[in-house]
Trainee: 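Right, I'll just put the structure down here and ask away after.
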Amino acid sequence: MTNDVAIHGYCSPEFEPVRTAFANNFVEFGELGASCCVYLDGKPVVDIWGGWADIAKTKPWQEHTLSGFYSVGKSFTALCALRAAEQHGVDLNAPVTDIWPEYGQNGKQHTTLRHLLTHRGGMPAIRKPLPDDALFDWSLMVDSLAEQAPYWQPGTEHGYHTNTMGLLVGECVRRISGLPIDQYFQKHVAEPLGADTHFGLSDEDLKRAAEISWPAQEQIGEPAPASTQETPDEQPTEVVEFMAMMESAYSNPNGISSLGVYNTDGWRQTVAPSANGFGTAKGIARIYNALALGGTTDGYEVIKQSTLEEARRIQCEGHDKILRREIRWGLGFQLTHPNRPMGPNPNSFGHFGNGGSLGFADPDTNLAFGYTLNRIVRDWGSPQNKALMKAVYSCL
């Protein structure tokens, strides 16, 4: 196979198989533009990029091109919450109403921050229909969540809060610290670690944003488990309710999953930390490098080691109500799992993002991994990141 896409950046000689796999992704899997970064023992051993930052292939992907990394941002939101709770003495098992009194409505008075971090809050969707511009109104979104009843009793089951986790946990960060999640993240995580990662882009950073290509234009999420041969009136009530919940989870308000807006300045500049974080692979890897090393790097403690140990401990696992797959959760972090591994080692933790973006830490080898891309292919297991991870571990 041949490849006319130039691969730029640094790759230490022993990690050349990663450069080869990265280049092959453009040939075999139709990669448009991407970047990949690996830290080992606190040092970068891979920092490469290539391809195109736009669909028309007129703008080469640069070292500082920013790409939407979707749900990778959930783990960064969780990291902010864990750090803020540390700083301000907040008990993860205490009622959220201690910091957010308005949240204790309609059966949510016993919800804890631990529930929200582990997708057990019963709040994967906003019930009340919202106008399209609600997407850009943080207060309206979080107030709507605070007012509603949960879909299931908090703490009893887990179901992926695809687009609400960032709102719920982000608002807790604001209530604890006094800073909006985007500002807290920059002040306490991204800037101290030198990580080029953002929730909401500035006017200047907009110029660096890669254009997303989403060929299939598929609806995000898993279809509801209802027979296509039945009309809603013929289906059991619980199935109809589940279908309504799923519809709201991914499309209320319109654009909450980024469909129809992902290449607009409005989407790139709003703060929706479940889905619209932006950064470089190196930025992602720099954050996970600190976590791979126990929470501290270059003299900066982003999180206490004891808190990090708790965060990567299994909090819940098994069948997910929303994803309808087996999954394993720490505190806001996905834990490596046979159906979605983060390398071969048992203690890896991180988060996947829509289309294949990924950040994770492997404390067994002091390794951190970051990967961004701009051509979205909906697949539970991205062949691109799998190829890169396989190459990385072949070099150890």
Trainee: Are Tyr160 and His119 close enough that their ring centers fall under 6.0 Å?
Mentor: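 Yes, the ring centres sit under 6.0 Å apart.
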
Trainee: Hey, are Trp138 and Glu171 close enough side-chain-wise for a donor-acceptor pair under 3.5 Å?
Mentor: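 Note: Glu171 and Trp138 side chains meet the donor-acceptor criterion.
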
Trainee: Checking side-chain polar atoms at under 3.5 Å, does Tyr371 have a donor or acceptor matched by the opposite partner on Ser382?
Mentor: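 There is no such pair (donor and acceptor under 3.5 Å, judged by atom type) between the side chains of Tyr371 and Ser382.
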
Trainee: Quick one: do Trp49 and Ile7 end up in the same hydrophobic cluster if we chain Ile, Leu, Val, Met, Phe, Trp and Tyr together by side-chain heavy atoms under 4.5 Å apart?
Mentor: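 Trp49 and Ile7: separate clusters.
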
Trainee: Where is the tightest heavy-atom contact between Thr280 and Thr372, given as atom of each residue plus distance?
Mentor: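 Heavy-atom minimum between the residues: C-CG2, 3.9 Å.
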
Trainee: Rounded to the nearest 0.5 Å, how far does NZ of Lys304 lie from OG1 of Thr296?
Mentor: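 Those atoms lie 11.0 Å apart.
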
Trainee: Hey, are Asp54 and Lys59 close enough for a salt bridge, meaning a charged N less than 4.0 Å from a carboxylate O?
Mentor: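 No.
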
Trainee: Is it the case that Arg340 places NZ or CZ above or below the six-membered ring of Phe352, under 6.0 angstrom from the centre and within 45 degrees of the axis?
Mentor: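 Yes - Arg340 lies over the ring of Phe352, closer than 6.0 Å to its centre and within 45° of its axis.
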
Trainee: In terms of side-chain heavy atoms, does Gln269 have a donor or acceptor partner in Asp265 at a distance below 3.5 Å?
Mentor: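 Looking only at side-chain atoms, Asp265 and Gln269 do not form any donor-acceptor pair under 3.5 Å.
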
Trainee: With sequence neighbours excluded, tell me which residues meet side-chain hydrogen bond (donor to acceptor under 3.5 Å, both in side chains) with Tyr10.
Mentor: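 Once residues adjacent in sequence are excluded, Tyr10 has no partner under the side-chain hydrogen bond (donor to acceptor under 3.5 Å, both in side chains) criterion.
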
Trainee: Shared ILVMFWY cluster between Val38 and Trp61, side chains joined below 4.5 angstrom?
Mentor: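 No, separate clusters.
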
Trainee: Answer with yes or no whether the hydrophobic clustering places Phe29 together with Leu388; edges join I, L, V, M, F, W, Y residues whose side-chain heavy atoms lie under 4.5 Å apart.
Mentor: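 No, because Phe29 and Leu388 fall into different hydrophobic clusters, even though each may have its own neighbours under 4.5 Å.
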
Trainee: I'd like to know if Arg83 pairs up with Glu301 as an ion pair, taking the criterion as any Lys NZ or Arg NE/NH1/NH2 lying under 4.0 Å from an Asp or Glu carboxylate oxygen.
Mentor: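 Glu301 and Arg83: not salt-bridged.
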
Trainee: Hey, would you say the Phe69 and Phe76 ring centroids sit under 6.0 Å apart?
Mentor: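 Between Phe69 and Phe76, the centre distance is under 6.0 Å.
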
Trainee: Does the gap between the ring centers of Trp152 and His158 come in under 6.0 Å?
Mentor: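 No, too far apart.
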
Trainee: Glu14: which residues meet the side-chain hydrogen bond (donor to acceptor under 3.5 Å, both in side chains) condition with it, sequence neighbours left out?
Mentor: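 Testing Glu14 for side-chain hydrogen bond (donor to acceptor under 3.5 Å, both in side chains), a comparison that skips the adjacent residues, returns none.
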
Trainee: Is Leu167 reachable from Trp100 through a run of hydrophobic residues whose side-chain heavy atoms are each under 4.5 Å from the next?
Mentor: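 Yes: a chain of side-chain contacts under 4.5 Å links Trp100 to Leu167.
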
Trainee: Hey, are Tyr393 and Asp362 close enough side-chain-wise for a donor-acceptor pair under 3.5 Å?
Mentor: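 Yes.
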
Trainee: Salt-bridge test for Arg175 and Glu102: reply yes if a basic N is under 4.0 Å from a carboxylate O, no otherwise.
Mentor: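 A salt bridge links Arg175 with Glu102.
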
Trainee: Salt bridge check: are Asp196 and Arg208 linked by an N-O gap of less than 4.0 Å?
Mentor: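 Result for this pair is yes, salt bridge flagged.
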
Trainee: Atom CG of Leu358 and atom SG of Cys36: how far apart are they, to the nearest 0.5 Å?
Mentor: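 Output value for this atom pair is 9.0 Å.
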
Trainee: State whether the side chain of Lys108 and the backbone N or O of Pro150 hold a donor-acceptor pair below 3.5 Å, judged by distance alone.
Mentor: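 No; judged by distance alone, with no hydrogens or angles, the pair does not exist.
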
Trainee: If you round to the nearest 0.5 Å, how far is OG of Ser35 from CG of Leu373?
Mentor: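 Output value for this atom pair is 8.5 Å.
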
Trainee: Which atoms form the tightest heavy-atom contact between Gly283 and Thr197, and what is the distance?
Mentor: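 Looking at all heavy atoms of both residues, the closest pair is C-CG2, 3.7 Å.
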
Trainee: Measure across Gly166 and Ser274 and return the closest heavy-atom pair with its distance rounded to 0.1 Å.
Mentor: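 Heavy atoms of Gly166 and Ser274 come nearest at N-OG, 2.6 Å.
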
Trainee: Angle class for the Phe26/Phe22 ring planes (parallel below 30°, perpendicular above 60°, tilted otherwise)?
Mentor: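 Phe26 vs Phe22 ring planes: perpendicular.
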
Trainee: How many angstroms lie between atom CZ of Phe278 and atom CG of Asn276, to the nearest 0.5 angstrom?
Mentor: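 Going from CZ on Phe278 over to CG on Asn276, the span is 6.0 Å.
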
Trainee: Are the side chains of Thr336 and Phe360 in touch, meaning some heavy atoms are under 4.5 Å apart?
Mentor: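 No, their side chains stay 4.5 Å or more apart.
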
Trainee: Under a 3.5 Å cutoff, is there a donor and acceptor pairing between the side chains of Glu204 and Ser202?
Mentor: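 No - no donor-acceptor pair under 3.5 Å links their side chains.
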
Trainee: Are Lys128 and Glu147 ion-paired here, with the side-chain N under 4.0 Å from a carboxylate O?
Mentor: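 Here Lys128 pairs with Glu147 in a salt bridge, since their nearest N and O are under 4.0 Å apart.
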
Trainee: Mind checking whether Ile287 and Leu293 sit in one hydrophobic cluster, side chains of I, L, V, M, F, W, Y counted as touching below 4.5 Å?
Mentor: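 No: no chain of side-chain contacts under 4.5 Å links Ile287 to Leu293.
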
Trainee: Are any of the side-chain heavy atoms of Ile376 and Tyr262 separated by less than 4.5 Å?
Mentor: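 Ile376 does not reach Tyr262 side chain to side chain.
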
Trainee: May I ask you to check whether Gln315 and Thr118 show a side-chain donor-acceptor distance below 3.5 Å?
Mentor: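 Result is no, nothing qualifies.
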
